[in-house]
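The figures here come from the full heavy-atom set of this structure, side chains too, leaving out hydrogens, waters and symmetry mates. The structure displayed is predicted, hence computed values, not measured ones.
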Amino acid sequence: MGADSASPGSQQAGDPQEVRRGEAARGPLKISGIAKRGPWRLLIEQIRPHKRALLLGGALSLVGSLAGLAMPLLAKTVIDAFGQGADLVGPIIGLSVAVLAGAVVSAGGRFLLERMGEGVVLASRRNLVDRMLRLRVADVDRLKPGDLLSRVSSDTTLLRSVCTDSLAGVVSSVFMFVGAVVMMAIMDWVLLLVTLGVVALVGVAGAFIAPKIRRASLQAQEALGEMSSTLDRALQAFRTVKASGAEAREIAAVTVAATRARDRGVTAAAWSSATDISAWMAVQFAFLAVLGVGGARVASGAMEISALIAFLLYLFYLVSPIGQLVQSLTQMQNGLAAVTRIEEIAQLPAEPPVSVVAGGGAPVGVTFTDVRFRYADDRPVIHDGVTFEVPVGGMTALVGPSGAGKSTVFGLVERFYEPGSGVIAVDGRDIRDWPLDELRAALGYVEQDAPILAGTLRENLAFAAPGVTDEEIAHALARTRLDDLVERLPQGLDTAVGHRGVLLSGGERQRVAIARALLRRPRLLLLDEATSQLDAVNELRLREVVAEVARETTVLVIAHRLSTVTGADRIIVMEAGRVRASGTHDELVEADDLYRELAATQFLVAS
């Protein structure tokens, strides 16, 4: 946004990068609204649309578990038949059928749960991306792109394990545990009491450790987001890093962030391991206790040896559900931490949904009336009673030193930010009364850095007006002197321009951005330093284009190179967040000291 230090790109006035660094210093993003809805409720809301698949998959898993519960009893019948010298074919066939049926049914249930998990992840990602792209610019300014990407990728992936393993695992494990306990009670209630007394230790340990696992997992995921943000910073400025010989420093910064993520991950793993080992020890001690007490009961004749073997088999059946239950609860803690981070974005205020509105129409003017604005409560004032008028049609220019608040004007007109007080009107109508899609459809906006998206040249040109025809594209290319570029490209308009338009020169990127804005057929064209990267010849040509466009619509230009706006119908001079003068170039040279100084430093007038 130009060199204007009072824009969001400045340090003096709320630079988003500075804001993001301040956020990093204060810690990760926290949203107070989450306290109103606990993580369990948030998780249930994520899964509710898929409850049928969850119930069906869970039911099949339970049926498979039933087959598993039948196996010790079937094994007892085989042992009894062997001891009595009876035919073993029937019991062995029954045991084999139970094994096969349980495996097939369990596999079907597992597939349904896996598919449901993928559906939950897709819905979560779609909703999260929808929310992110509708966030207010002011909120995105204080967030970190790498952390946002981490929430969409890794955090949503954790939901899959919650749906496929954790929830189903908890249900299946509880059922298997209860079923095994019931069967053990039927066989020998004394041994059951011995078993439950030892296994109860697992519940006590789990209740103590579970909150710590969730807290450690949340911290680990936040650290992963920090690492992604640090790496994203280096990749976004890759050439600057290379040219500055800063590779080692950036590697060290990413390594520090990665080490922090590792340390927090190790903490989470330590608590998970403590849970696992406590479950394992409980089952082993239960086995020893049952073996001792059960052996004594067999020796006294109070229990048959086949019953003790079946009981021990059921005890081993407790190993799997207890271990699975512990693992599922651990994964669920990770999922609860993930859904909390996802909800942090969902709690941020978003702009209303907008639809594609066709551009075109009569030119519109803009008025600022006593506008006051700052980027945040703890940031300095940017506009302090700004008042000016941009008449309908023609070209109006905003000039002034860096930090005057020029680029902020564009952000306010586009409603990227809301003024603290005062009125901004477009076409005589307060912009707050405009539907957002209609307002932005009336505007064409060209940023100074002219962002180009990865994709083809055609996709970039039609980005703001998806329905444009080839004839309209050809006309816009001719107006912005891009005909020769298209001819040079190997696939013409369908040539990929690379990430951030890296295959185009700076001047070509600016002209593509201007052509993109013109294809929108704006009623008001906003140009922020649109000629800053052009050579003298192309600057002259583009000045001619802007003058031509100004005969059809209203053009508002921010310029530091006054040569581009000396022919403007009106020039507004800003300084320190206020309007100090306005008029034509000649009038301002005569009447305003600041403008005359700016013109003299650029050799437009004698010093």
Side-chain angles (χ1 to χ4, degrees), residues 1 7-11 14-31 124-125 128-129 131-133 135-159 214-270 334 337-348 375-376 378-379 449 451-454 498-502:
M1 292 188 178
S7 73
S10 71
Q11 293 185 15
D15 178 0
Q17 294 181 355
E18 291 298 321
V19 173
R20 285 193 288 268
R21 284 192 284 269
E23 285 291 323
R26 290 192 292 271
L29 175 68
K30 297 294 182 184
I31 307 297
S124 179
R125 285 175 175 167
L128 191 55
V129 170
R131 189 71 178 189
M132 283 182 180
L133 293 183
L135 290 177
R136 301 181 307 185
V137 173
D139 289 321
V140 176
D141 284 346
R142 66 189 182 91
L143 300 175
K144 304 170 186 175
D147 182 60
L148 294 178
L149 291 175
S150 176
R151 294 173 196 250
V152 175
S153 55
S154 62
D155 288 349
T156 54
T157 301
L158 286 174
L159 292 179
R214 184 195 313 172
R215 191 179 309 113
S217 177
L218 179 59
Q219 292 174 346
Q221 288 161 231
E222 289 172 348
L224 183 62
E226 290 289 331
M227 184 195 71
S228 299
S229 298
T230 306
L231 179 59
D232 178 73
R233 184 190 70 166
L235 294 178
Q236 292 293 338
F238 194 69
R239 295 186 180 187
T240 300
V241 170
K242 290 285 188 183
S244 304
E247 294 96 332
R249 281 174 285 158
E250 291 303 311
I251 291 171
V254 174
T255 301
V256 168
T259 303
R260 187 181 302 114
R262 188 277 313 271
D263 292 343
R264 293 183 176 180
V266 167
T267 301
N334 296 334
V339 80
T340 299
R341 281 170 48 82
I342 293 171
E343 183 66 10
E344 285 178 346
I345 300 301
Q347 287 291 324
L348 292 173
Y375 284 101
D378 58 346
R379 310 299 293 180
D449 57 357
I452 301 298
L453 287 75
H499 178 62
R500 297 171 65 90
V502 69

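Among residues two or more places apart in sequence or in another chain, the side-chain contact (heavy atoms from CB on, under 4.5 Å) test is passed with Ser150 by Ser154, Leu224, Ser228, Arg341. Partners of Leu149 according to the side-chain contact (heavy atoms from CB on, under 4.5 Å) rule, which considers only residues two or more places apart in sequence or in another chain, do not exist here. Leu128 pairs by the side-chain contact (heavy atoms from CB on, under 4.5 Å) definition with Met132, Arg151, Val152, Thr156, Ile342, Ile345, not counting sequence neighbours. Residues satisfying the salt bridge (Lys or Arg N to Asp or Glu O under 4.0 Å) criterion with Arg131, sequence neighbours excluded, are absent altogether. In terms of the side-chain contact (heavy atoms from CB on, under 4.5 Å) criterion, residue partners of Ala376 (sequence neighbours excluded) are, by chain and number, Asp378, Arg379.
Taken to the nearest 0.5 Å, the CG atom of Asp155 stands 8.0 Å off from the CG atom of Asp147. Taking CD of Glu226 as the reference point, atom CG of Leu231 lies at 13.0 Å (rounded to 0.5 Å).
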Distance-only criterion, 3.5 Å: show the donor-acceptor pairs between side-chain atoms of residues 256-268 and protein atoms not counting sequence neighbours.
| residue | atom | partner | partner atom | Å |
| --- | --- | --- | --- | --- |
| Thr259 | OG1 | Thr255 | O | 2.7 |
| Arg264 | NH1 | Gln219 | O | 3.3 |
| Thr267 | OG1 | Asp263 | O | 3.1 |

